[in-house]
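The structure presented is a predicted model; accordingly, all values stated were derived computationally and were not measured. We use all heavy atoms of the structure for the numbers below, so side chains are in, but hydrogens, waters and symmetry mates are not. Residue indices begin at 1 and follow the sequence shown.
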Amino acid sequence: MQARAIQVEYKMAGTNSQNTSFVEFAKCIAQEMSQRSFSQIIDGKEQVGWFGFQGMGEHGYAISPLKWEMYSGNYGVAMYYFRMYEVTKNEAYKTLAKSVLASAERNMRNITNQELELMGIGAFTGFTGHIYMFCKIVERGWLAKEEQKEWEEVIDNLVTYLHNNMEKEERVDVLTGIAGVLGVMVSLYTYVTGELQNKTKAVMEKAVQILIDRVIELDEDKVTWFDNGDIGYVHGNAGIMAHLIRANRILKDDRIIKVVEKALKYEREDRFDEEKKVWRLRESTHYFSWCNGVAGMSLAKIMMLENGYEDDQLERELALMKRQISETGFGFDMSLCHGDMGSLTVLKYIARYFKDIPTINNCKETCQLFVKRRMEEHSLFALDDWGMMTGISGVGLGMLEQEESDSEFLAMVMSLR
């Protein structure tokens, strides 16, 4: 194995500049990441990877190779380099992105059912992330048609595995479980045809059935899926509701509307403090965050609105969340999951929904201040976490999102669309 560096030219602006391009910052990140990567030729293809810190929950971090997943692994990094190619038109970024995907592609072509079981079905943490990566490849035209065809054969096998084995999965959340699979299947349905599209719909139907079967009935008109009070997007009710409503555009299942109504009633009557105007989240969470807090919940509410769910309270709740993210969403770290870049990405997305131009502009100005401070402190690369949701590639993606005022790419990824 050998270290490698992508050949790009970048120039950091002086720290006194008020108009430093986020693309220049992003180039700096791309260069630093490429210099810390390693590569090897296998089966005639260059394969690129990283060793880095992987979060171990309360036990801190462990040093290990990046895994084949979206949350902290190679798929998120590949998305970053593909986006760098889109913005800069530098083919070197596209070449590197394809090399980042090469090991995952080779692995998935030869993977066994036992290995899939070990990986898990998670959209962000398991092999369903490979399916979502395919969706973005087709949507953005990142690979040639012949290369897409090779991926489609693998996707067919993964969808078949999901249909045959999904009921074994006990988790129902977006990050690791059934709701994340449902969200990815809704996205995949748009990009495939024929028998694969039929299989995709069958997995959607099975996922919906599992989610309906596994509700916890609190009384005749309130339900939840979690006994710990989790109403967030990634780990809780909000994500399940959002992807059920997305699926209903295709499935037309009246049961979906009924169960979502009951889950919303639980959120509003049991998990919202009317006096303080705050949501009661589960314990030990960041109130503003994508993973557990109001940033993720606001994405879910926009998804419901944009997919035809009629509820006159959603926009009022969304406006309150927008204000709360502005007030509480900054200063913890720079990550997408529970930090500044996640807050800015979601805040900009909400502002675009409301056509709030001042807030969109303020997001860009705020991002510039944060990034300049981190660059001056030399703290962007303090920890070798290269992944998308907690690491540096996510920071780079967040910069590119602010560079293009009309971009919703990252908000779409964070919501599996």
Side-chain angles (χ1 to χ4, degrees), residues 67-76 79 104 108 116-136 155 158-159 161-163 165-191 200-215 224-226 230-248 250-251 256 259-260 263 289-292 295-297 299-300 302-304 307 336-337 342 387-390 394 410-417:
K67 296 181 286 187
W68 300 301
E69 62 167 48
M70 282 220 302
Y71 187 89
S72 60
N74 281 3
Y75 296 131
M79 283 190 194
M108 287 298 177
L116 287 173
E117 185 175 356
L118 289 172
M119 283 186 73
I121 69 171
F124 282 95
T125 60
F127 69 79
T128 301
H130 191 83
I131 302 175
Y132 183 73
M133 189 75 211
F134 171 77
C135 295
K136 302 315 283 186
I155 300 306
L158 296 179
V159 171
Y161 178 88
L162 284 169
H163 188 266
N165 296 277
M166 190 166 50
E167 288 162 324
K168 299 176 186 176
E169 178 55 62
E170 296 180 356
R171 293 165 294 190
V172 295
D173 64 321
V174 166
L175 189 78
T176 62
I178 302 299
V181 171
L182 178 60
V184 173
M185 291 300 105
V186 176
S187 295
L188 178 64
Y189 188 82
T190 305
Y191 299 112
T200 301
K201 185 177 181 181
V203 174
M204 290 167 54
E205 291 169 339
K206 184 166 282 192
V208 167
Q209 186 63 56
I210 292 170
L211 291 172
I212 290 175
D213 289 345
R214 294 188 188 175
V215 294
T224 183
W225 284 271
F226 304 92
D230 203 327
I231 56 172
Y233 170 70
V234 174
H235 301 290
N237 288 354
I240 297 176
M241 288 190 287
H243 293 301
L244 281 171
I245 293 301
R246 289 182 66 217
N248 204 42
I250 299 166
L251 301 181
I256 288 175
V259 77
V260 168
S289 65
W290 166 78
C291 48
N292 295 296
M297 291 173 68
L299 286 178
I302 292 178
M303 279 191 272
M304 293 169 70
N307 283 276
L336 291 177
C337 182
M388 178 170 67
M389 296 312 303
T390 60
L410 190 51
M412 294 293 110
V413 171
M414 293 167 73
S415 49
L416 295 176
R417 290 176 288 165

Plane angle bin for Phe124 and Trp290 - parallel if under 30°, tilted between 30 and 60°, otherwise perpendicular: perpendicular
Separation between OG1 of Thr190 and CZ of Arg417, rounded to the nearest 0.5 Å: 12.0 Å
Nearest non-hydrogen partners of Ser289 and Cys337, listed with the distance: CB-O, 3.7 Å
pair Leu336-Leu410: side-chain heavy atoms closer than 4.5 Å: yes
side-chain contact (heavy atoms from CB on, under 4.5 Å) partners of Phe134, counting only residues at least two apart: Val138, Trp151, Glu152, Ile155, Leu188, Val192
Residue pairs fulfilling side chain to side chain donor-acceptor pair (under 3.5 Å) with at least one residue in residues 173-189, sequence neighbours excluded: Asp173-Thr176, Ser187-Arg246
Derivation of the side chain to side chain contact (heavy atoms under 4.5 Å, CB included) call for Tyr191 and Thr200: CA-CA 10 Å; Tyr191 299 112; Thr200 301; over 6 Å; no
Interatomic distance, Asp213 atom CG to Glu167 atom CD [nearest 0.5 angstrom]: 9.0 Å
Contact summary for Tyr132 and Val184, nearest pair of heavy atoms: N-CG1, 3.8 Å
Stepwise side chain to side chain contact (heavy atoms under 4.5 Å, CB included) check, Ile131 with Leu162: CA-CA 11 Å; Ile131 302 175; Leu162 284 169; 3.9 Å; yes
Centroid separation Phe127 to Tyr161 less than 6.0 Å: yes
Side-chain touch Leu158/Leu116, heavy atoms, less than 4.5 angstrom: yes
Test side chain to side chain contact (heavy atoms under 4.5 Å, CB included) applied to Leu182 and Met204, step by step: CA-CA 6 Å; Leu182 178 60; Met204 290 167 54; 4.1 Å; yes
Whether Glu169 side chain and Val172 backbone form a donor-acceptor pair below 3.5 Å: no
Residue pair Ile240 / Val174: nearest heavy atoms and the distance that separates them: N-CG2, 4.4 Å
Exercise: identify the closest heavy-atom pair between Gly232 and Met297: CA-CG, 3.9 Å
Intermediate values then yes/no, side chain to side chain contact (heavy atoms under 4.5 Å, CB included), Met79 and Met70: CA-CA 9 Å; Met79 283 190 194; Met70 282 220 302; 3.6 Å; yes
Reported CE-to-CH2 distance for the pair Met119 and Trp68, which is rounded to 0.5 angstrom: 7.0 Å
Any side-chain heavy-atom pair of Glu69 and Met389 under 4.5 Å: no
Heavy-atom pair of closest approach, residues Met241 and Ala263: SD-CB, 3.5 Å
Ile178 and its side chain to side chain contact (heavy atoms under 4.5 Å, CB included) partner, picked from Lys206, Gln209, Glu170, Met166: Met166
Euclidean distance, Met304 CE relative to Asn248 CG, rounded to 0.5 Å: 11.0 Å
More than 12 heavy atoms from other groups under 6.0 Å of CD on Glu117: no
Short side-chain to backbone donor-acceptor contact, Thr128 and Ile121, under 3.5 Å: yes
With Thr224 via side chain to side chain donor-acceptor pair (under 3.5 Å) - residues at least two apart: Asn237
Interatomic distance, His163 atom NE2 to Lys201 atom NZ [nearest 0.5 angstrom]: 12.5 Å
Smallest separation among heavy atoms of Ala104 and Tyr75, with atom names: CB-OH, 3.6 Å
Interatomic distance, His235 atom NE2 to Asn292 atom CG [nearest 0.5 angstrom]: 4.5 Å
Leu211 side chain near His243 side chain, heavy-atom distance below 4.5 Å: no
